[in-house]
**Q** 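Dropping the structure in here first, questions after.
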Amino acid sequence: MNSNFHLPLCCPVCAEPLQQDKRTFRCSSNHCFDTAKEGYLNLLLSHQRRSADPGDGKMMIQARRRFFESGAYNPLIGLIHQNTSFGTILDAGCGEGALSGNLPGTVIGMDISKEAVRAAAKRYKPATWIVANTMRPLPFADQSFDTILSVLAPRNIDEFARILKSDGQLLIGVPGPNHLIELRSQLNIGTAGFEEKADEAAGKCAPQFKETDRTPLTYQMQLNRQQINDLIQMTPIFWNSGPEAKEHIGQLNELNITVSFVLLTLRQSDPGQTGL
Ligand SMILES: C[S@@+](CC[C@H](N)C(=O)[O-])C[C@H]1O[C@@H](n2cnc3c(N)ncnc32)[C@H](O)[C@@H]1O
Ligand SMILES: [Zn+2]
């Protein structure tokens, strides 16, 4: 937990600013939240979640961490670094933190999964890691972020518009047309609709945001057996698909796959309006 900067955190109960006193964050109405021993802050109230343990579970987080550590998504991390300037950055739906944990600037990563946030906090110490639900009012002050990053995660456009500075950018990462197409076709999972994901995402951000840039990233890579199994485990859509095909793929020593993402940059259409 970074205590050198004033963090734009708000109380999830009453929305007043939270002040930090060592490991405790407190609002003027005396609602208080303690930093966990791993260094993250849980601002998810019990009525803001649908299950006791929402979001990605431990096995998925571990698979995702191994997959990132293998370097398979390094080009995606590189693209995000290229597009993120210094300043205050929110990674909404940050997972285990690999995409934003090493960004320069003041990084706040947020996820509904406590396991994900715990893993991020243990690994990437300088950033601030928070358990919260993107789809609820966000525990952040108005106009406090220069960049909001949302990669393969749910988006709350009204709240993003409220907490982004008027000249800030929203970066959205979605799968590109042929993302994991080899794995999808072997597991009999439809590949339709991937062409339109970027247009769809940009459309859903209107009218608050307009797209200013779009960067496709596509590359081929050869996965080893561990990477194949981690990829299947970290991708829920693969779980229940063709058990036999899945078992067969899981035994392969290598598999060539296409990785394809699209990174959208969006800016506020009417920077004078903060939220709705
Ligand atoms: C596919 S993972 C992507 C993680 C990370 N952005 C990355 O690309 O490595 C989706 C993440 O969104 C989180 N998530 C799902 N619903 C959420 C919500 N309502 N609020 C916050 N995070 C959520 C999951 O727990 C998971 O960590
Ligand atoms: Zn409060």
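Numbers here are sequence positions counted from 1. Numbering of ligands and ligand atoms starts at 1, following listing order. Nothing here was measured: the structure is a model prediction, and the numbers come from that model.
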**Q** If you define the side chain from C-beta out and look only at heavy atoms, does anything of Gln227 sit under 4.5 Å from Phe67?
**A** yes
**Q** Check whether the side chains of Ser260 and Asn178 place a donor and an acceptor atom closer than 3.5 Å, and report yes or no.
**A** no
**Q** One residue to check: Ile61. Relative to ligand 1, which of side chain, backbone, both or neither has a non-hydrogen atom less than 4.0 Å away?
**A**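 Answer for Ile61: neither.
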**Q** Flag the pair Arg65 and Glu96 as a salt bridge only when some basic side-chain nitrogen lies within less than 4.0 angstrom of an acidic carboxylate oxygen.
**A**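 Salt bridge: yes.
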**Q** Has ligand 1 got any nitrogen or oxygen that is less than 3.5 angstrom from a nitrogen or oxygen of Ala153?
**A** no
**Q** Against heavy atoms of Ala132, which atoms of ligand 1 measure under 4.0 Å?
**A** 20 (N), 21 (C)
**Q** Looking only at protein heavy atoms, identify the closest one to atom 16 (N) of ligand 1 and say how far it is in Å.
**A**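 Scanning the protein heavy atoms, the shortest distance from atom 16 (N) of ligand 1 goes to Pro154 CG, 3.3 Å.
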**Q** Suppose I only count heavy atoms of Cys94 and a 4.0 Å limit; which atoms of ligand 1 are within that range?
**A** 5 (C)
**Q** Evaluate the criterion side chain to side chain donor-acceptor pair (under 3.5 Å) for residue pair Asn156 and Thr134; output intermediate values, then yes/no.
**A** CA-CA 6 Å; Asn156 183 341; Thr134 305; over 6 Å; no
**Q** Is any N or O atom of Arg64, backbone or side chain, closer than 3.5 Å to an N or O atom of ligand 1?
**A**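 Yes - when backbone and side-chain N and O of Arg64 are compared with those of ligand 1, one distance drops under 3.5 Å.
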**Q** Do Asp91 and Ser100 pair up side chain to side chain, a donor and an acceptor below 3.5 Å, judged on atom types alone?
**A** yes
**Q** Give the atoms of ligand 1, by number and element, whose distance to some non-hydrogen atom of Ser113 is under 4.0 Å.
**A**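 Reading through ligand 1 atom by atom, the close ones are 25 (O).
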**Q** Are the charged groups of Lys165 and Asp142 less than 4.0 angstrom apart, N to O?
**A** no
**Q** Measure the distance from atom 23 (C) of ligand 1 to every protein heavy atom, then report the residue, atom name and distance (to 0.1 Å) of the closest one.
**A**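 The closest one turns out to be Ile112 CG2, 3.5 Å.
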**Q** Can a side-chain donor-acceptor contact be found between Thr258 and Glu182 if the only test is distance below 3.5 angstrom?
**A**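 Judged by distance alone, the side chains do pair up.
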**Q** Would you say the side chains of Gln226 and Asp230 form a donor-acceptor pair under 3.5 Å?
**A**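 Gln226 vs Asp230: donor-acceptor pair found between side chains.
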**Q** Using a 4.0 Å cutoff against the non-hydrogen atoms of Phe68, which atoms of ligand 1 qualify?
**A** 9 (O)
**Q** Considering only the protein, which heavy-atom contact is closest to atom 25 (O) of ligand 1, and what is its distance?
**A** Asp111 OD1, 2.7 Å
**Q** Which option, Asn156, Leu152, Asn133, owns the non-hydrogen atom nearest atom 18 (C) of ligand 1?
**A** Asn133
**Q** Below 4.0 Å from ligand 1: does a non-hydrogen atom of Ala98 turn up there or not?
**A** no
